[in-house]
Structure formats: structure tokens, C-alpha cells
2 protein chains.
Amino acid sequence: MSAAPPERADAARNRRRILDAAARLLAERGPTGLAPDAVAREANVGVGTVYRRFGDRAGLVFALLEDRDARFRAGFDATRTAGGGKGTDGDPRTRLREFLHALVDLVVDHLDLLLVAESASPEARYAGRPYREQHARIRELITAIAPDADAEYLADALLATLAPGLVAHRVRERGFDPSRLKAGLDTLVGGIAAGVTPDREPPGPP
Amino acid sequence: MSAAPPERADAARNRRRILDAAARLLAERGPTGLAPDAVAREANVGVGTVYRRFGDRAGLVFALLEDRDARFRAGFDATRTAGGGKGTDGDPRTRLREFLHALVDLVVDHLDLLLVAESASPEARYAGRPYREQHARIRELITAIAPDADAEYLADALLATLAPGLVAHRVRERGFDPSRLKAGLDTLVGGIAAGVTPDREPPGPP
DNA sequence: TTGCGAAACGGAGAAGTCTCCGCTTATCGT
DNA sequence: ACGATAAGCGGAGACTTCTCCGTTTCGCAA
């Protein structure tokens, strides 16, 4: 099942052009500047080409987000691996909490772009690569913490907490501080550990 | 500060007309039929009037949803009050679980309309009356279960689990059964109870 | 090379959402 | 009753997003 034949040279070139133009407009004019029309003009390309390459406005925005997600992922893994240990290696509960805290910062940092994405297509988030990878990572850690839990469900539940619209509402309308989001996630993680493996030993430290 | 002066008679009449027309179109043509243009025509009213009354497409859809939410709320409270006891009165944990289970059904039943609403405005959900009331109700029950927890945060977290886009993804793309959503919520509620109220030993982080 | 089919391009215009503003209507004080 | 005034109305058209399809380009094979 090799499926996808490679992109033709002109197509690849235009994809790059469009992404570059979009990044430029985003930096210069904010998320509002990402109108497909404007991007096409900036990239010296027809509107049709934008749609052929990215499907719709949401696709364009998600492509930009994937870029940032890749950078985030690389940065996160790098500091964890190389960072002189940080002393927490191995304990899945700590690792899960650290990952979630990093995600909170990621979401808060890119809130504007994420809101555009969610607005352009509220369902697309769950189908995209970033979500799938975050979900897989969290699911594994949950399984390590609470083997009997429905890890797939719980991973979605933790991530649901970071939906852009909700975060924006909490932070902007209700005055939440990001640290409160992190503390809340800690509670949820604690609950998962405590609530599902109550039998044997409490999941205490060594 | 009495604020809002009452709506003029013609305004109220048109609001009704528009809502009725919208409900009719929804029944006949599905959520796609809710184009402001079409609704205006069906209601014998100018497009401008639709926008004056409801602000935007999202506002129109949310108005329809509030109606259904009111019905849901009435039905839920009725069965709980009159329903021959059901034997569970008073225990907040059971009450919370029952409420959440009912919400799962509500969301699944109205998924299509909720998706349109979320798509029209991903943030509006959190500002609307249904969300606020559900949130308040859940928050109180959580406080009864775990007085030291950040009930406001946790209420959002439980409701985040029911975001239309996520539910649609789980049910339609990943084949979740609604009962799995209910079971997952039970786990989360259990975790809240176990993780935060130190019945025995705190499942203590350092 | 040259020819050919598949892929990609471009941009006019369809479709949908929303705004603007001149005109109409309701309400209230006199 | 009767203006005065604020509220509401309607729909043309601006603006955005997306589609459609005739034309161009690419890549392969003879």
C-alpha cells in the first residue's frame, strides 16, 4: 500500500511558495491576513492553486500549525533528552505532567492561529497529525500509569481541556492564568492514577 | 441598573417568525437549510432583520439550541423529581453521573445542529446560557464531592469532553459507542473523588 | 526529440455571510 | 389625536470562500 504518488515539481514549488507567503502574511498582518485570496496574490499564484494544494482555508492554517508543532516536538524532546537528566526520566506520571504543561504553553502561545484553525473547521483538529501524535503519546503514558483504564478515552479527555476555544474563553473572559490550567491537568492526572488503580499500592514515589 | 429595555412589538413578532421559519427549515432540509438568506425568505422578512435580531448565523443556531436545552432541562428535572424516587436522591456523585449521562445523550441526539453551531463560532458555546447553566450545576456537585478541588476548572474539563467536534470524531470516525463516553465520564468523576479527597492516604505528589 | 496523457494552473464567477443606510413603524409624552 | 424620536425594517451590494473548466505544464516512453 504505497498509495500517494509523489508531487509534481511545479506543485511542490507552489506549495512552498504558498506556505512561505502565508507565513509572511501571518507575521505581518496577523491571522486575519490569511485570506486565501491574499495568500495567493502574495505567492504569485492563482486562488485555484491554493485550493488545489490545501483543500480549504482550514487546510492552509493547519499546514502552518504542523510546522510549529514539529518545532515544538523537536524542542521538547531535545530538552528532555539532552537536558542533563532533569532527574525525572522514567516516571511516566511525571513525564505526562511535563508533556501536558508544555502543551499548555504551546496552546497559549499560538492561541490566535489555533482559533482561526478551529473556526475554519472545528473537527479538523482531531484528524490532523499533531493531535494524533499527542494523543498517542498521552495514551501510552496513561497506560503506563493505569493499565486498566480506557487510555484512548482519557487521552482525548485531557486534550479536550486544551481546545483553543475553551482555553481562550478561560484565559481571556474568565481570567484564568495558564498555571491554573497546568494545576488542573495535574489534578486530572492524579485522579486517573488514583481513581483507577485503587487496589494494590498507592502510586506513591519510590 | 435595569439595563435591557423590552423589545418592541414588531421586533418580537419577527423574532418569533424567524425562529419558527428556522425550525421548519431545519426539520425539512437539515442543518444546511439554515442559511440566513433562506430563513429570511421563509419568514417573510428581510435578511437585515435576521441579523438585527440574532447578530449572525451562529446566534440564530444558538437560539434554536437554547430552546432544545430548555426542553432537556425541564425533562431531566421532571424525571428526577417526580420519577418515584429512583432511589438515588441526594448522593451528589450519583447525581453528577446521571446528569453527565443525560448530557451525552443530548449531545449525541443534536450532534448535527451542535456541529453547525460550533462551526459558526467555536467560542460562542462557552458564553451561552446552556453552557453556563450546565457548568454551574456541575460545579456545585463537584464541590459537594470534593470540596478542595478547583471545581470551576473541573466542570469545564468534564464539559470539554462533550465538545461537538470531539464527540462527532469519536462516534463517527473512531466508532465510539455513547456508552463508552458515559463510562469514561464515570472514570473521570471517580478520579475527581478519589484524587482530591484524601479518604485514606493522599496519592501524593512530592 | 517528439508525442501524449495526467496533473496542475488560473481566474471568472457562484454561493454564502454580513453591512449599510434611507425609509417605515411603534411608542410615549403632551 | 399628534408629533417627535428612537427602534426597527429591507434588500442592494461588499466581502469571503470556494468551484469549475479551458489552458498550460510536466514527466515519461518510444
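In what follows, chains carry the letters A, B, and so on, assigned in the order in which the sequence lines appear, proteins first and then strands, with residues in each chain numbered from 1. Because the structure is predicted, anything quoted here is derived from the model rather than measured.
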Taken to the nearest whole Å, CZ/A:Arg16 to P/C:dC9 is 15 Å
note: A:Arg15, atom CZ; C:dA7, atom C1'; distance rounded to Å ~ 14 Å
(Q) Please determine whether side-chain contact (heavy atoms from CB on, under 4.5 Å) holds for the pair B:Leu114 and B:Arg125, giving the CA-CA distance in whole Å, both sets of side-chain angles, and the decisive distance to 0.1 Å. (A) CA-CA 9 Å; B:Leu114 287 165; B:Arg125 176 184 184 218; over 6 Å; no
- Task: Please determine if A:Asp69 and A:Arg132 form a salt bridge, counting it only when a charged side-chain N lies under 4.0 Å from a carboxylate O.
- Result: no
Only one of A:Asp67, A:Asp105, A:Leu103 passes side-chain contact (heavy atoms from CB on, under 4.5 Å) with A:Phe72, and that residue is A:Leu103
By nearest-nucleotide position on DNA chain C, the 5'-leaning member of B:Asp37 and A:Arg53 is A:Arg53
*Would you call the rings of A:Phe76 and A:Phe99 parallel, tilted or perpendicular, where under 30° means parallel and over 60° means perpendicular?*
perpendicular
When rounded to whole Å, the CG to P distance for the pair B:Leu34 and C:dC18 reads 13 Å
From the list B:Val61, B:Ile18, B:Val39, side-chain contact (heavy atoms from CB on, under 4.5 Å) partner of B:Phe54 resolves to B:Ile18
(Q) With a 3.5 Å distance limit and no angle check, can you tell me whether A:Gln134 reaches the backbone of A:Leu159 through a side-chain donor-acceptor pair? (A) no
- Query: Do side-chain atoms of B:Glu42 reach the backbone of B:Arg24 as a donor and acceptor pair under 3.5 angstrom?
  - Reply: no
* Asked: Counting only side-chain N and O atoms of A:Arg13, is one of them less than 4.0 Å from OP1 or OP2 of C:dA8?
  -> no
*Evaluate the ring planes of B:Tyr126 and B:Tyr131, with Trp represented by its six-membered ring, and classify them as parallel (under 30°), tilted (30 to 60°) or perpendicular (over 60°).*
perpendicular
Is it true that a side-chain atom of B:Arg53 and a backbone atom of B:Arg16 form a donor plus acceptor pair closer than 3.5 Å? no
Is the distance from OP1 or OP2 of C:dG16 to the nearest side-chain N or O of B:Arg57 less than 4.0 Å? no
To the nearest angstrom, the OH-C1' distance between A:Tyr51 and C:dA14 comes to 13 Å
note: A:Leu60, atom CG; D:dT17, atom P; distance rounded to Å ~ 10 Å
Atom pairs, protein N/O to nucleotides 10-12 of chain D N/O, distance under 3.5 Å:
| residue | atom | partner | partner atom | Å |
| --- | --- | --- | --- | --- |
| D:dG10 | OP2 | B:Gly46 | N | 2.9 |
| D:dG10 | OP2 | B:Thr49 | OG1 | 2.6 |
| D:dG11 | N7 | B:Gly48 | N | 3.3 |
| D:dG11 | O6 | B:Gly48 | N | 3.4 |

Detail all sub-3.5 Å separations between protein N/O atoms and N/O atoms belonging to nucleotides 27-30 of chain C.
| residue | atom | partner | partner atom | Å |
| --- | --- | --- | --- | --- |
| C:dT27 | OP1 | B:Ala9 | N | 3.2 |

